[in-house]
Asks: 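My questions will all concern the structure given below.
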Amino acid sequence: MLLDDVAATSEAVAATRSRLAKRASIAALLRRAAEESPPGRDPGPGPDEVVVVTSYLAGELRQRRTGLGWASLRSLPAPATEPTLTVATVDAAFERMAGLSGPGSDTARAAEASALFGAATEREQRFLRGLVAGELRQGALDAVVVDAIAEASGAPVDVVRRAVMLRGDTGAVAVAALRAPDPGAAGEALGAFGLEVGRPVRPMLAQSAPDVATALEKLGPDGAEVSVDTKLDGIRIQVHRAGDAVRVFTRSLDDITPRVPEIVAAALALDANTFVLDGEALAVDASGTPRPFQETASRSASQEAEALAAVELTPFFFDALHVDGRDLLDDPLRDRLAVLDGIAGPFAVGRLVTGDPDAAAAFFTDAVARGQEGVVVKALDAPYAAGRRGAGWVKVKPRHTLDLVVLAVERGSGRRQGHLSNIHLGARDSDGGFVMLGKTFKGMTDQMLAWQTERFTELADGPTDGYVVKVRPEQVVEIAFDGVQRSTRYPGGVALRFARVIRYRDDKTAAEADTIDTVRSYAAG
DNA sequence: GTCAGAGCAGATC
DNA sequence: CTCCGACACATTCGG
DNA sequence: CCGAATGTGTCGGAGGATCTGCTCTGAC
């Protein structure tokens with residue numbers, strides 16, 4: 001199959017806002033890909049073309065890292081006039097680029113990229129650029145492709161979706177579904193995908209709620225018992241063990257086993273031979289109080305032996321998907337927790353099972369007081385909905401707010417083209433100035449966006465570099481944030497984590513905004 | 001020649 | 001991670 | 001009883017700050 005076919009489909013998908021239409025185009029192309037490259041005909045060393053096409057349509061390269069990014073695409077050769085690139089050729093080129101490393105690899109990679117883009121037509125170049133930069137903007141990613149696989153193969157959507165969750169890999173599922181002779185066979189082939197110890201499944205995600213009471217409402221009838229789990233501020237881990245073999249995966253299904261020997265050791269110490277557990281890993285001090293998230297992040301991102309030794313991560317588990325031959329995914333949480341408690345011991349996340357809203361709220365308050373991130377409220381009768389942000393789990397975090405001053409605005413792009421979007425936030429200094437703490441564009445409705453575009457145009461002050469517009473520091477804005485972190489980038493030495501706009505405040509002047517000292521007081525706890 | 005720093009990519013939240 | 005908006009689908013309401 | 005309005009779930013777009021590791025570059 002030609003890359004041009006994929007690029008054309010991508011363009012068609014981007015051109016419509018209807019999800020059904022997107023799905024139909026993608027399904028049509030998947031069917032063609034399966035027909036054009038029947039199994040066994042292709043003697044090449046590459047993967048099944050259906051796998052590559054599936055991945056490209058979802059806006060992803062098969063290679064997780066190519067070393068190619070936004071910056072390396074700034075200057076590209078002139079496009080070809082005729083489409084000649086095949087999907088297999090392109091995949092092979094990226095495969096070679098992914099394999100490059102060491103001195104001189106940048107040059108070799110650039111040469112490879114230049115050859116590839118030079119052979120691509122204008123449309124193909126656009127498509128490839130989007131793939132590489134992760135900015136395809138066709139309004140369809142993995143989820144739509146999954147639906148399209150169902151449509152193309154005739155297998156039920158639920159079955160396809162479940163297979164993807166369990167396999168953690170859309171391409172493999174696409175092949176199984178589309179290579180089947182008929183819808184019945186496709187469904188059967190997909191039904192055979194099950195949980196395999198050693199192969200990561202997509203983790204279940206949580207919705208969020210502003211407080212515990214709202215979370216309880218979301219979960220269902222009044223008074224029903226729920227599990228209120230402590231929410232730890234670390235990184236999500238999925239730990240698989242089969243005998244002596246332990247594997248640790250991240251939320252995005254990356255295998256980080258070599259980086260976390262202490263988690264492997266902990267897994268080996270648990271009282272079961274085979275299991276798949278879901279949890280969170282973080283750095284804690286001797287008393288069990290969590291260290292700042294940055295320490296956990298630094299430790300888990302590091303590959304160096306010294307860094308590994310400097311900070312230790314502790315795993316805490318909150319769910320069990322499989323234990324000693326028994327798949328638990330479809331069992332209610334109540335049963336999964338019983339199994340988890342039987343093996344995890346001190347590595348189980350603290351939780352309270354209750355039907356009392358006040359007790360749940362008190363548990364939340366206490367968790368936060370102990371330095372934890374919040375709680376996750378869970379329905380006891382819900383199964384493990386792999387990969388879905390189902391209503392079975394609802395997280396609750398405390399919300400802090402500050403009144404800050406807008407120092408500058410950035411011009412929006414994409415959907416926000418023509419608007420002033422991303423605002424620079426400042427806190428009041430002791431000597432009448434303002435200290436920048438970060439930026440945000442989140443939380444703005446279209447209406448606010450329109451209003452602020454006008455407002456900041458009026459306040460515009462001084463030269464702009466075409467992108468950032470400085471404004472007179474007069475407008476106060478109420479900002480919500482999750483926490484304060486240490487920063488080397490900002491002059492105040494602190495930055496806000498997940499800042500978002502609540503509202504603009506016209507009842508306060510800049511002189512009444514919060515001070516940098518107030519902001520710093522959040523850093524401690 | 002060595003080494004620190006700049007930039008970038010890719011990951012976490 | 002966060003939030004908003006858009007679409008698809010389910011449910012309720014009004015003629 | 002059926003079509004229109006209203007609500008709910010799900011998805012995508014867009015981008016924030018941080019961290020590490022890699023490669024290249026420029027100063028000495």
Side-chain angles (χ1 to χ4, degrees), chain A residues 13-14 16-23 58-59 63-74 100-110 132-147 161 205-208 218 232-237 250-252 254 256 259 280-282 292-304 307 373 388-391 395 397 399 410 412-417 421-425 437-449 479-490 494-502:
Chain A
V13 167
T16 172
R17 297 224 296 227
S18 157
R19 247 179 246 284
L20 292 179
K22 288 174 192 289
R23 189 178 83 190
Q63 294 73 19
R64 286 217 70 175
R65 55 168 300 280
T66 57
L68 229 51
W70 179 82
S72 38
L73 300 180
R74 270 180 293 214
L100 293 167
S101 72
S105 60
D106 265 22
T107 317
R109 186 176 290 113
V132 167
E135 298 179 340
L136 212 48
R137 309 280 177 265
Q138 57 179 20
L141 293 171
D142 195 63
V144 178
V145 174
V146 169
D147 286 355
R161 197 169 283 164
L205 307 173
Q207 295 186 337
S208 59
K218 280 195 176 193
L232 306 172
D233 192 10
I235 60 159
R236 186 82 176 262
I237 50 166
T250 63
R251 177 187 148 124
S252 58
D254 266 344
I256 54 164
R259 276 188 258 164
E280 193 90 2
L282 67 159
F293 174 74
Q294 279 166 303
E295 283 184 31
T296 296
S298 145
R299 168 59 180 77
S300 59
S302 173
Q303 317 253 13
E304 297 289 326
E373 197 184 11
R388 327 252 346 241
R389 200 175 288 281
K395 64 185 161 193
K397 295 196 271 186
R399 193 188 77 167
E410 293 179 12
S413 64
R415 220 179 66 82
R416 293 188 176 187
Q417 182 88 47
S421 169
N422 201 355
I423 58 176
H424 294 198
L425 306 167
L437 292 174
K439 308 189 254 187
T440 186
F441 61 91
K442 290 187 184 71
M444 296 160 185
T445 61
D446 286 5
Q447 212 176 6
M448 288 169 80
L449 217 51
I479 296 291
F481 62 100
D482 274 20
V484 169
Q485 52 194 341
R486 295 184 48 179
S487 172
T488 51
R489 174 181 312 194
Y490 291 109
V494 289
L496 301 180
R497 192 164 166 206
F498 300 133
R500 62 256 185 206
V501 174
I502 300 295

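These figures come from a predicted structure and were not determined experimentally. Convention: sequence-line order gives letters A, B, ...; per-chain numbering from 1.
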Asks: D:dT20 phosphate, OP1 or OP2: any side-chain N/O from A:Ser298 under 4.0 angstrom?
Replies: yes

Asks: For DNA chain C, whose closest nucleotide is more 5', that of A:Thr445 or that of A:Glu373?
Replies: A:Glu373

Asks: Measure from the side chain of A:Arg19, starting at C-beta and using heavy atoms only, and say which of C:dC1, C:dA6, D:dT18 lies closest.
Replies: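 It is C:dA6.
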
Asks: What parts of residues 65-73 of chain A reach DNA chain D, counting only heavy atoms under 4.0 Å away?
Replies: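 Output list: empty, so none.
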
Asks: Report for the helix from C:dC1-D:dG15 to C:dG15-D:dC1: angle between first-end and last-end helix axes, five pairs each, rounded to 10 degrees.
Replies: 10°

Asks: Nearest to the side chain of A:Ser302 - D:dT20, B:dT12, D:dA17?
Replies: D:dT20

Asks: Counting the atoms with a prime plus P, OP1 and OP2 as sugar-phosphate, which does A:Thr296 contact under 4.0 Å by heavy atoms, base, sugar-phosphate, or nothing?
Replies: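 Touches nothing.
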
Asks: Reading DNA chain D from 5' onward, which residue's closest nucleotide shows up sooner: A:Ala301 or A:Lys439?
Replies: A:Lys439

Asks: Round to a whole Å and report the spacing from CE of A:Met444 to P of C:dC4.
Replies: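 Spelled out: CE on A:Met444 to P on C:dC4 is 11 Å.
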
Asks: A:Arg399 near the nucleic acid: base, sugar-phosphate alone, or nothing, with a heavy-atom cut-off under 4.0 Å?
Replies: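 No contact at all - A:Arg399 keeps every heavy atom at 4.0 Å or more from the nucleic acid.
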
Asks: With a cut-off of less than 4.0 Å, is there a side-chain N or O of A:Ser18 near OP1 or OP2 of C:dA8?
Replies: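 It does, given that an N or O in the side chain of A:Ser18 lies less than 4.0 Å from OP1 or OP2 of C:dA8.
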
Asks: Check whether any side-chain nitrogen or oxygen of A:Arg500 sits under 4.0 Å from OP1 or OP2 of D:dG15, and answer yes or no.
Replies: no

Asks: Quick one: is C:dT2 close enough that its OP1 or OP2 comes under 4.0 Å of any side-chain N or O from A:Lys397?
Replies: yes

Asks: List for me each residue that meets side chain to side chain donor-acceptor pair (under 3.5 Å) alongside A:Arg64, sequence neighbours excluded, and say none if there are none.
Replies: A:Asp254

Asks: Verify the contact: side-chain N or O of A:Arg489 to OP1 or OP2 of D:dT18, cut-off strictly under 4.0 Å; return yes or no.
Replies: yes

Asks: For D:dG15 and A:Ser421 - does any side-chain N or O of the residue sit under 4.0 Å from the phosphate oxygens OP1/OP2?
Replies: no

Asks: Base, sugar-phosphate or nothing for A:Ala499? Non-hydrogen atoms, less than 4.0 Å.
Replies: nothing

Asks: Think A:Lys395 has a side-chain N or O under 4.0 angstrom from the OP1 or OP2 of C:dC1?
Replies: yes

Asks: Expressed in angstrom and rounded to an integer, what is the separation of A:Gln417 atom CD from D:dG15 atom C1'?
Replies: 15 Å

Asks: Okay, side chain of A:Arg299, backbone of A:Thr296: is any donor-acceptor separation there less than 3.5 Å?
Replies: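 Answer holds: no.
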
Asks: Just how far, in rounded Å, is C1' of C:dC7 from CG of A:Leu20?
Replies: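 Taking atom C1' of C:dC7 as the reference, CG of A:Leu20 is at 8 Å.
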
Asks: Ring of A:Phe441, cation from A:Arg416 - is the NZ or CZ under 6.0 Å from the centre and inside 45° of the axis?
Replies: no

Asks: What's the CG-C1' distance between A:Asp106 and D:dG21, to the nearest Å?
Replies: 13 Å

Asks: Backbone N or O of A:Gln294 within a donor-acceptor pair of the A:Gln485 side chain at under 3.5 Å?
Replies: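 Not confirmed, A:Gln485 side chain does not pair with A:Gln294 backbone.
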
